[in-house]
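Here's the structure, in structure tokens; my notes come after.
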Number of protein chains: 4
Amino acid sequence: MNSQFDNLQPEKKERIINAALKEFAQNGYEKASTNQIIKEAGIAKGSLFNYFNNKKELYLFLLDYVTKVIEEIYSKVDWDETDFFERVRQAGFIKFEVYKKYPQAFDFMKRAAHESAAEVRAEIEALTQNLIATGLEKSYQNIDFSKFRTDLDLEKVTKIINWTMLGFAEEQRDKITSFQEVTEDVLVEWEMISNTLKRCFYKEEYCGDD
Amino acid sequence: MNSQFDNLQPEKKERIINAALKEFAQNGYEKASTNQIIKEAGIAKGSLFNYFNNKKELYLFLLDYVTKVIEEIYSKVDWDETDFFERVRQAGFIKFEVYKKYPQAFDFMKRAAHESAAEVRAEIEALTQNLIATGLEKSYQNIDFSKFRTDLDLEKVTKIINWTMLGFAEEQRDKITSFQEVTEDVLVEWEMISNTLKRCFYKEEYCGDD
Amino acid sequence: MNSQFDNLQPEKKERIINAALKEFAQNGYEKASTNQIIKEAGIAKGSLFNYFNNKKELYLFLLDYVTKVIEEIYSKVDWDETDFFERVRQAGFIKFEVYKKYPQAFDFMKRAAHESAAEVRAEIEALTQNLIATGLEKSYQNIDFSKFRTDLDLEKVTKIINWTMLGFAEEQRDKITSFQEVTEDVLVEWEMISNTLKRCFYKEEYCGDD
Amino acid sequence: MNSQFDNLQPEKKERIINAALKEFAQNGYEKASTNQIIKEAGIAKGSLFNYFNNKKELYLFLLDYVTKVIEEIYSKVDWDETDFFERVRQAGFIKFEVYKKYPQAFDFMKRAAHESAAEVRAEIEALTQNLIATGLEKSYQNIDFSKFRTDLDLEKVTKIINWTMLGFAEEQRDKITSFQEVTEDVLVEWEMISNTLKRCFYKEEYCGDD
DNA sequence: TATGAATGAGGATTCATTCAT
DNA sequence: AATGAATGAATCCTCATTCAT
């Protein structure tokens, strides 16, 4: 389908992908300018429409691209780690590493999550729905749930933990403006919240910090 | 300033407000089409610009409008209730009631929170900053914090509860497609989550369900 | 035709005329705003269109109005003065007097002379054509042409004098920004030019300055 | 900057320039319609804005264009001719030739001189100021002023001659409706006026006709 | 295959004019 | 007679998409 684009020199492909990710991340689907993308990528106006029939196809291609980036994260997780909070901490580390490699991809994804352009909303939702579903399923795979208190509904507990993680991520993201700032601090802050959660949801014998 | 608009027949005013809220909620500031608003509201092209000098003024008017809707919620809360979870439950009820009256207002506000159009961002930020600041302050006002466990950092605990509430609200919203479905179920579901939180964060003597 | 307007209270009529003259003088026919006129005149939007069916009719009414102002100038000239340059000087004085009474009218006329809006150009041209024709005819009426050199074509001579007067007027007008500045200077300057013309076109015996 | 426009086929460029000159000449800056220009030039709505970013840029381009037309006149004058009236006659010839080539340019320039649109007035004034300054300076360069009568103020004399030329040009222009009519007649008429001026302003020994 | 000029529907906004009150 | 809200054609300008080279 995108064979013409796939056959391009890798360097050129990357230039186009990055230019497009950046433009969509900054301006959202509708306001993003194909003109700006071709200018930043240094290609001809017509070329973009040779590779992708229209703006929407380009957008969906990028959506697929960032999905693969996210899958790269999953692939690096140590699924043998059975302690829930340990796994979460580890995933956080990996995520930051991948973030450093594909910063544009994350900004694009963040923007996509809030995208409301009718033309692409359906596809985004289907994809994220899927990502989250398989993502969550995977996330809890091989976890030792016996550490959790038995007097609480495990489903509710994991929901609360998920919302806390998402809320924390959101809070940090709003604070972040450059990578230099994202370091120790975030991890220390998370450690404190993580410990609070552990003390609430783990059986007493597993609550020892660290 | 909007005297001309204010003097309109209430039914017409409402038509315009709803059409505009819907269009902005769906498409964001820049991509929202005044043409579409006009068409949906059934008024003449020039009329909209008689009422509001330009798109921005219309948007800011709506921002003010939804702010008042939110203030309506606060005004209905019983601030004498000192139990945290009781207060939250109550606020949830009120919010749903108001939601039923102004469904579009909530979608508009949600979109506005993520709006990136430079032309209106400053105003949105000033307003939400203010709303959130006074909102959170008020929310915890007169709450009996002595019921909470003393071995946990209260700041982290309230954060977790907030994120849980937001996450729950988001989850419910995504589930909702028509109002008929939003009833008992949501409240029962919240009751269960609320109890889980209570058992974790309250001292044992206050954990008795209900 | 304009009976409705004619029957207005004189004070209100004047307010409307002055507001309209000012607006058309400043902005030209097409760019002039009926909104600005009604605002400045302090009348209702509909009223203006009760008095004058449309913008064009209002404009033509004003054109007629200023014509009468110009005719007032002619009526004050002493047609018994037979010396050409003396008569011109005198007319200049009168013109300034009338200018002080109806400043807006002159600005309007000046703008009208350069008006190129297709809708009114024809009428303006017909009128000014007529004004100039009868004006020039009148101007030279009862003049003692025997004072002019006989070796020159009188028709060419009067043309040169006319162009000089028009050029001078234009030059002065471009210099003028307020009335305070228009005084002695202009008249002194004209006197010098007038003398130059006299020395060239009059027989030697009539060249004595003054 | 206008490279895209410059690279157009000459025939198309000319069509656009002429359509724009005509529209601006007839209606002035503000009221001139880009739609009309497009229609008259037979191009697509977007194309005009590919060539020129906006109305103002188009206008300034035309201003530059007509400036070059005027400079073409200066470049053709024989500056070695020292007789004032001979030089003027020659310039008149050249001007008519250029007029035949670029009739719209002159109408545009005339309108521009009276343009009141704030958006372009500054540029027009800077340009005309410069054109007139260097123009007048050049015009009298190398002229043999010793032929003029010494009892007259030379400054006033040149002013009168200038006004006469301008007035004559204006008179001829008003008479002209098609080029076929502009021929011998105009030149013969000017010869007569020119001789009248010469007889008045030159010392007697230089008054010999021709 | 790559190019970039050409296209025209659609964007927000203005304003003379109408007409019900 | 006086009002001013309602109207919609026309304004300049944008931008995804097409297509001849």
Side-chain angles (χ1 to χ4, degrees), chain A residues 4-5 7-8 12 29-39 43-59 119, chain B residues 3-5 7-9 12 27 29-38 42-58 119, chain C residues 4-5 7-8 12 29-39 43-59 119, chain D residues 3-5 7-9 12 27 29-38 42-58 119:
Chain A
Q4 193 184 156
F5 180 68
N7 294 334
L8 246 40
K12 191 175 192 176
Y29 178 73
E30 311 247 25
K31 248 303 220 173
S33 161
T34 53
N35 265 350
Q36 183 52 36
I37 293 171
I38 62 116
K39 218 173 95 186
I43 59 170
K45 188 113 201 217
S47 294
L48 190 68
F49 290 91
N50 286 342
Y51 309 144
F52 308 96
N53 289 320
N54 51 43
K55 198 182 186 178
K56 185 179 173 183
E57 247 180 45
L58 167 59
Y59 190 87
E119 238 177 315
Chain B
S3 65
Q4 192 182 156
F5 180 69
N7 294 334
L8 245 41
Q9 308 155 31
K12 191 174 194 173
N27 303 105
Y29 178 74
E30 309 242 30
K31 199 38 193 159
S33 163
T34 53
N35 273 354
Q36 181 53 34
I37 293 171
I38 284 154
I43 60 171
K45 195 164 271 195
S47 293
L48 189 68
F49 292 93
N50 284 343
Y51 308 144
F52 307 95
N53 288 322
N54 49 45
K55 197 182 184 178
K56 185 179 174 182
E57 248 180 46
L58 167 59
E119 235 178 317
Chain C
Q4 193 185 154
F5 180 69
N7 293 335
L8 246 40
K12 190 174 193 176
Y29 178 73
E30 310 247 25
K31 249 301 222 177
S33 161
T34 53
N35 264 352
Q36 183 51 35
I37 293 171
I38 63 114
K39 217 172 93 185
I43 60 169
K45 187 113 204 216
S47 293
L48 190 68
F49 290 91
N50 286 342
Y51 309 145
F52 308 96
N53 289 321
N54 50 43
K55 198 180 186 180
K56 185 178 173 181
E57 248 181 45
L58 167 59
Y59 190 87
E119 238 177 315
Chain D
S3 66
Q4 190 182 159
F5 181 69
N7 294 335
L8 246 41
Q9 307 155 31
K12 191 173 195 174
N27 303 104
Y29 178 74
E30 309 242 29
K31 199 37 191 157
S33 164
T34 53
N35 273 353
Q36 181 52 36
I37 293 170
I38 283 155
I43 60 172
K45 194 165 273 192
S47 293
L48 189 67
F49 293 95
N50 284 343
Y51 309 145
F52 308 95
N53 289 321
N54 49 45
K55 197 181 186 180
K56 184 179 174 183
E57 247 180 47
L58 167 59
E119 235 179 318

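These values consider heavy atoms only, across backbone and side chains, with no hydrogens, waters or symmetry-generated copies. A quick note: this is a predicted structure, and the numbers were derived from the prediction, not measured. In what follows, every chain begins at residue 1, and chains take the letters A, B, ... in the order their sequences are listed.
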Of dA12(E), dA5(F), dG4(F), the nucleotide closest to the side chain of Gln4(B) is dA5(F)

Answer with base, sugar-phosphate or nothing: what part of the nucleic acid does Lys56(C) contact at a heavy-atom distance below 4.0 Å? nothing

The side chain of Phe49(C) lies closest to which of these nucleotides: dT17(F), dA16(E), dT13(E)? dA16(E)

Find out whether Lys56(B) and Tyr29(B) are in side-chain contact, i.e. whether some heavy atom of one side chain is under 4.5 Å from a heavy atom of the other. yes

Side chain of Tyr51(D) only, heavy atoms from C-beta on: which candidate in dT13(E), dG8(F), dA6(E) is closest? dA6(E)

Is Asn35(D) near enough to dT11(F) that one of its side-chain N or O atoms lies under 4.0 angstrom from OP1 or OP2? yes

Contacts of Ser47(D) and Gln9(B) projected onto DNA chain F by closest heavy atom; the upstream (5') one is Gln9(B)

So what does Lys55(C) hit on the nucleic acid, given a heavy-atom distance under 4.0 Å: a base, only sugar-phosphate, or nothing? sugar-phosphate

Measure the distance from NZ on Lys31(C) to P on dC12(F) and round it to the nearest whole Å. 11 Å

Using a heavy-atom cut-off of 4.0 Å across all strands, would you classify Leu48(D) as base, sugar-phosphate, or nothing? nothing

Counting the atoms with a prime plus P, OP1 and OP2 as sugar-phosphate, which does Asn54(A) contact under 4.0 Å by heavy atoms, base, sugar-phosphate, or nothing? sugar-phosphate

Map Ala44(B) and Ala32(A) onto DNA chain F by nearest heavy atom, then report which one ends up closer to the 5' terminus. Ala44(B)

On a plain distance test, is the side chain of Asn50(B) in donor-acceptor contact with the base of dA5(F) below 3.5 Å? no

